[in-house]
Q: 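Would you mind keeping the following structure in view while I ask a few things?
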Number of protein chains: 2
Amino acid sequence: MAHVTTLRRFNRYFTRRIGALDEHYLGRDRPLNEARLLYEIGSGASLRELRTRLGLDAGYLSRMVRALEGQGLVRVTVHPTDSRLRLVAPTPAGRDELAEQNRRADALAEGLLRGLSGSQRDRLTEAVAVTERLLRLASITVRPAGPASPDARACLTAYAAELDERFPEGYAVTDLVPPERIAVLLVAYEEERPVGCGALCAPDTDTAEIKHLWVHLDARGLGLGRRLLTELEHTAAGRGHRTVRLDTHTALKEAAALYRTGGYTEIPAYGDNPHAGHWFEKSLPTGPPVSRPAGGTACRGDGTQRSPGGRPGIGGTEGHGTEGPEGTGRSGAGRAPR
Amino acid sequence: MAHVTTLRRFNRYFTRRIGALDEHYLGRDRPLNEARLLYEIGSGASLRELRTRLGLDAGYLSRMVRALEGQGLVRVTVHPTDSRLRLVAPTPAGRDELAEQNRRADALAEGLLRGLSGSQRDRLTEAVAVTERLLRLASITVRPAGPASPDARACLTAYAAELDERFPEGYAVTDLVPPERIAVLLVAYEEERPVGCGALCAPDTDTAEIKHLWVHLDARGLGLGRRLLTELEHTAAGRGHRTVRLDTHTALKEAAALYRTGGYTEIPAYGDNPHAGHWFEKSLPTGPPVSRPAGGTACRGDGTQRSPGGRPGIGGTEGHGTEGPEGTGRSGAGRAPR
DNA sequence: CACTCCCTCTGACTAAAGTCAAAGAGTATG
DNA sequence: CATACTCTTTGACTTTAGTCAGAGGGAGTG
């Protein structure tokens with residue numbers, strides 16, 4: 001409860017004070033939503049994209065874009081291949097306006113920081129980064145999806161593409177486990193956008209095998225890998241398996257570290273995965289069955305089932321920060337932070 | 001710049017995501033501003049207070065209060081002594097509504113926390129608390145005020161009242177240094193509300209004396225004491241003094257600790273303060289004069305002069321958290337967090 | 001090539017938020 | 001006790017925000 005109180009007080013303080021200030025500065029001489037829209041357009045976007053990202057009504061959006069166009073800030077063009085779509089891009093004047101927006105927002109942040117000493121700034125930045133990471137992690141939901149669903153495919157092809165880059169021998173989409181051999185596929189959603197996955201295969205009744213554990217680059221450093229791993233283990237336990245095993249490539253150092261700190265022990269080679277270099281195993285607790293809405297969750301993918309809400313995380317050793325979403329150093333304009 | 005970027009990204013993330021969620025939950029079946037207003041009324045407030053606190057137009061506020069009254073959620077009464085003023089207080093139904101609001105907001109926060117492990121929750125709470133403390137400190141401005149101005153008097157009488165409680169021998173308002181003997185009085189404002197002060201006397205050209213360093217209970221644990229102390233030292237240096245000295249009561253342990261870690265050394269007794277038990281001194285740096293808008297800043301108090309923006313804090317040892325604004329355990333309703 | 005989706009635009013609204021000015025009732029003060 | 005000032009109320013707006021339904025042009029598919 002102390003957690004809730006602290007979080008709520010912070011929420012109140014922040015949105016009413018800092019957030020309000022920010023909106024005030026952003027808006028200035030233009031309706032807030034229009035300013036926001038310009039910001040989200042960034043260096044260019046399609047109406048469709050903006051509509052879903054901002055959750056705006058199509059009609060409302062259309063009119064606002066028209067207004068920005070009337071002010072000479074954006075230009076609207078027809079999509080080259082699909083002429084139903086409209087593309088919006090800022091004009092030079094629009095870019096200036098965006099730059100001005102950024103300057104104002106930067107000035108606001110700088111003004112705030114000016115009241116702090118160097119070490120206080122460092123501490124603030126650190127605390128803010130930790131808060132953001134944990135809140136993002138907390139707001140990510142993990143739920144089963146059909147192994148052949150678009151969301152699952154999106155994750156798995158991104159996974160394959162990444163492995164193809166990282167493995168000296170390459171990795172083809174055909175190296176993936178075929179959908180029909182996947183017993184359960186968990187997908188992690190951040191604001192309904194798939195940002196990670198993990199599959200469970202069931203070679204026999206006793207053992208489950210974890211495959212294709214992957215986290216989107218944008219969501220790395222949050223502790224999501226561990227959360228997916230833990231939820232997969234819970235799912236396996238719920239299905240009656242006693243052991244989970246998995247293999248990993250020698251190039252994936254972080255993965256091996258994740259498994260080791262997650263209670264896995266290295267075992268001799270099994271199976272015929274040509275990419276594997278390490279093999280791990282963990283026996284699942286078989287005590288009183290954990291009450292959770294698990295069970296036959298495989299392959300629903302209809303989106304009606306929400307996250308089982310299990311407790312992820314084993315201890316305090318999440319080890320963030322190795323490759324968090326920081327680091328790009330971009331200051332905002334061109335990037336949609338959602 | 002990395003600080004600015006991180007802070008801005010966080011700001012964006014938080015207001016658009018968590019803040020929006022919160023508003024969504026708070027609003028539900030009632031206009032958002034009406035819900036907010038009910039919240040701000042808490043256990044009772046005057047219209048005037050609400051107007052300044054929420055920055056609302058008088059007419060708009062009047063109508064909203066009327067709407068809440070129409071729904072049976074609040075009762076409006078005339079102020080007992082000044083019948084221009086109106087007092088608003090929730091009816092039992094209003095209290096229920098508030099409790100429901102709180103329940104929803106708690107549920108939201110709990111839902112967020114549910115996705116985190118115990119240690120992650122602890123880390124989030126800690127990070128959030130640090131963020132709030134530092135942002136509050138950053139948004140506090142310190143500026144000179146007339147020693148006889150209402151703001152100054154408010155601080156000094158609160159200071160005297162507190163000492164009266166803490167000193168075994170008591171402390172009377174008449175024990176305060178009279179306004180005309182104060183050379184400079186700095187007042188700290190949090191959102192234009194005075195939350196701390198510190199006075200500088202000038203017994204001779206060489207030495208300045210710091211008196212009446214005080215921080216409001218609500219603003220304790222932020223590091224404001226140190227900031228005031230540092231700004232007083234800068235002011236003294238700017239006025240040409242070479243040494244500052246001060247005394248403190250033996251009952252004020254935190255004060256003595258603040259001075260020790262702030263570079264003060266204990267010296268033999270001086271002066272005739274019957275409440276003093278420790279005496280401290282610090283010599284001021286006399287190198288190249290620090291460029292800052294200091295100088296003859298004493299006794300302006302007209303509010304036109306903004307914080308000199310000096311760097312407070314000496315090192316990384318701010319030592320917050322001894323008696324921060326946590327601890328009350330109240331969950332919100334009755335308390336205006338501004 | 002008919003049929004069904006998709007995406008966008010337009011018209012027609014409603015609700016909420018915010019602004020301005022004038023007036024009425026009260027207080028404080030010289 | 002006249003005068004200036006405060007606080008609130010009322011009327012009369014304007015602007016933003018948000019919703020809904022229908023029309024029109026295009027894409028994709030059997």
Q: Hey, which of these two, A:Asp82 or B:Ser62, hits DNA chain D nearer its 5' end, going by closest nucleotide?
A: B:Ser62
Q: Hey, which of A:Leu50, A:Val76, A:Val65, A:Thr77 is the one that makes side-chain contact (heavy atoms from CB on, under 4.5 Å) with A:Arg86?
A: A:Val76
Q: Output the rounded distance in Å from CZ (A:Arg51) to P (C:dC9).
A: 10 Å
Q: What nucleotide, of C:dT8, D:dT9, D:dT16, holds the atom closest to the side chain of A:Pro31?
A: D:dT16
Q: When rounded to the nearest 0.5 angstrom, what is the spacing between CZ in A:Phe10 and OG1 in A:Thr131?
A: 5.5 Å
Q: What's the CZ-P distance between B:Arg84 and C:dG26, to the nearest Å?
A: 11 Å
Q: Can you tell which of D:dG26, D:dA17, C:dT27 lies closest to the side chain of A:Leu32?
A: D:dA17
Q: Tell me: CG of B:Asn33 to C1' of D:dA17, nearest whole Å?
A: 13 Å
Q: What's the CD-P distance between B:Glu49 and D:dT6, to the nearest Å?
A: 18 Å
Q: Rounded to whole angstroms, how far apart are CZ on A:Arg86 and P on C:dC6?
A: 17 Å
Q: Send over the distance from B:Arg48 CZ to D:dT6 P, rounded to a whole Å.
A: 10 Å
Q: Would A:Gln71 and A:Glu34 count as a side chain to side chain donor-acceptor pair (under 3.5 Å) if you check the C-alpha gap in whole Å, the side-chain angles of each, and the deciding distance to 0.1 Å?
A: CA-CA 11 Å; A:Gln71 292 166 61; A:Glu34 230 172 273; 2.7 Å; yes
Q: Quick test of your reading of the model: are A:Asp82 and A:Arg48 salt-bridged, counting only N-O distances below 4.0 Å?
A: no
Q: Would you mind reading off the distance between A:Glu34 atom CD and D:dA17 atom C1', rounded to a whole angstrom?
A: 12 Å
Q: So, is A:Ser83 close to the D:dA27 phosphate, meaning a side-chain N or O under 4.0 Å from OP1 or OP2?
A: yes
Q: Identify, between B:Tyr60 and A:Arg63, the residue whose nearest nucleotide on DNA chain C lies closer to the 5' end.
A: A:Arg63
Q: Take atom CG of B:Asp57 and atom C1' of C:dC20, then tell me their distance rounded to the nearest Å.
A: 8 Å
